[in-house]
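Okay, structure first, notes after.
The basis for the numbers below is simple: all heavy atoms, side chains too, and nothing from hydrogens, waters or symmetry mates. Atoms within a ligand are numbered from 1 in the order they appear, just like the ligands themselves.
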Amino acid sequence: MSDLRYDPVFCQWCVIAESRQSRPFEFQEIVQRRAGIDCPFCAGNESVTPPPIAVSPDSASGDPANPSWLVRVVPNKYPALDSTLAIIDQQDPQRSTPGAGHQEVIVLSPRHVVSLSGLSDDELFTSFRVFQERLRVHNQSPAIRHVCIFMNCRPPAGASIEHAHVQLISSPVCTDQVRQRVQRMTTPTDSGDTLWQELLTLEMAETTRMIQCSGGYLVYCPFASRYSNQIRIAPRTTHSFADLPPDSRDELALLCRKWIDGIERCLDDIAWNLIFQLPPTDVPDAPWFVDLVPRYPQSAGFELATDCWVNPVSPETAADQFRKFEQGQSVS
Ligand SMILES: [Zn+2]
């Protein structure tokens with residue numbers, strides 16, 4: 001039996017319909033990296049990218065005169081937004097503004113690593129520190145309304161380059177979707193908590209969708225998951241991501257690596273997106289969270305027509321699968 005569920009944060013309906021899993025599927029798609037391509041993000045190919053914005057040296061490389069790097073930030077060579085355009089703060093009725101903004105690529109390793117799950121501890125912790133540092137830089141720009149940090153892994157998730165990298169886009173526009181989501185999250189409820197606090201309390205009490213509840217974060221499959229096997233990592237503290245203390249930032253990094261590894265092991269190296277769901281820059285202390293979204297060819301006519309997604313894997317089933325994964329491995 002299917003279940004229509006409502007997400008009051010995203011204001012979206014979805015249909016949990018596990019019977020859809022038994023549908024026949026007659027097609028196959030094999031995506032392979034083209035041979036003979038030099039990876040622009042591997043160590044040794046630095047000249048292929050534009051000059052770096054920031055470089056985190058590898059302090060363990062042993063050669064202070066020529067340190068290798070762990071993490072490298074470069075401008076996006078093919079940006080959707082153009083950092084050379086003047087950012088105009090205008091409020092005309094048609095809300096037109098030049099496509100001005102900044103788009104950076106954060107290369108997570110000098111090695112040809114495909115996924116965040118393949119990063120070393122040094123690469124992982126340095127990467128998350130760089131995410132935080134770059135967010136702070138862009139948050140301080142008065143014309144920037146929103147900073148989006150995300151990772152696309154493998155082509156079905158939107159990746160055009162295989163080497164593990166995160167993208168940061170800072171925009172003079174904050175979409176209504178982001179602004180209204182944050183307004184709903186911070187709305188007080190009858191219990192005296194905000195809607196977001198109440199939802200986290202409900203997820204903790206329910207337990208069937210909870211995967212890991214320890215330290216400073218909750219890891220769970222959201223009640224009204226639009227996407228099959230979606231995982232959400234929500235901080236239990238009130239720190240913004242930009243202000244997270246190093247130990248809490250490292251804990252988040254480890255959880256992201258662990259549960260991306262979980263998604264890849266449980267779902268045959270499926271493509272995925274990692275999304276920092278960050279608030280607008282003018283409410284920097286508003287709640288935030290991280291979504292890990294495995295990518296299936298899931299949206300079809302019904303979803304495009306109604307914005308109501310059909311999810312053939314209930315979040316309860318998904319959470320059970322991920323808990324079993326955790327029981328079978330010892331990485332913390
Ligand atoms: Zn590479």
Side-chain angles (χ1 to χ4, degrees), residues 29-81 83 102-135 148-169 250 252-254 256-265 267-276 290 292-295 331:
E29 183 177 5
I30 299 172
V31 180
Q32 284 186 314
R33 188 166 184 262
R34 284 187 289 157
I37 297 177
D38 279 341
C39 174
F41 294 160
C42 275
N45 293 341
E46 289 83 355
S47 62
V48 177
T49 66
I53 297 165
V55 177
S56 296
D58 181 0
S59 57
S61 72
D63 181 2
N66 185 25
S68 57
W69 51 271
L70 279 177
V71 174
R72 201 163 173 265
V73 184
V74 295
N76 191 312
K77 217 169 172 178
Y78 308 98
L81 300 179
S83 60
H102 303 276
Q103 200 162 342
E104 300 175 356
V105 173
I106 303 169
V107 182
L108 309 185
S109 169
R111 304 175 294 124
H112 193 81
V113 175
V114 173
S115 170
L116 197 130
S117 62
L119 297 183
S120 68
D121 285 357
D122 271 357
E123 292 164 349
L124 181 73
F125 295 145
T126 306
S127 292
F128 275 66
R129 178 173 56 75
V130 170
F131 303 161
Q132 195 181 43
E133 289 171 356
R134 299 310 300 163
L135 176 62
C148 188
I149 300 176
F150 59 96
M151 180 168 179
N152 306 330
C153 182
R154 304 185 176 94
S160 55
I161 292 179
E162 187 177 66
H163 192 125
H165 62 285
V166 156
Q167 299 192 55
L168 180 151
I169 299 180
D250 290 350
L252 175 65
L254 287 170
C256 287
R257 185 176 67 179
K258 171 180 174 178
W259 289 111
I260 284 170
D261 185 50
I263 284 172
E264 290 174 336
R265 287 180 191 236
L267 306 171
D268 294 331
D269 285 337
I270 195 170
W272 49 263
N273 298 105
L274 179 152
I275 306 161
F276 283 82
V290 174
L292 311 180
V293 182
R295 291 298 297 270
V331 180

Is it true that Asp250 and Arg129 make a salt bridge, defined as a side-chain N closer than 4.0 Å to a carboxylate O? no

Separation of Leu124 CG from Leu70 CG (nearest 0.5 Å): 11.0 Å

Arg134 and Val73: which non-hydrogen atoms are nearest, and at how many Å? NE-CG1, 4.2 Å

Return the minimal non-hydrogen interatomic distance between Glu123 and Val71, and the atom names on each side. O-CG2, 4.0 Å

Side-chain donor-acceptor pairs of residues 33-42 under 3.5 Å, sequence neighbours excluded:
none

The Zn ion (ligand 1) neighbourhood, protein N/O/S only, threshold under 2.8 Å: Cys39 SG, Cys42 SG, His112 ND1, His163 ND1

Approximate separation, where rounding is to 0.5 Å, of Cys153 SG and Ile260 CD1: 7.5 Å

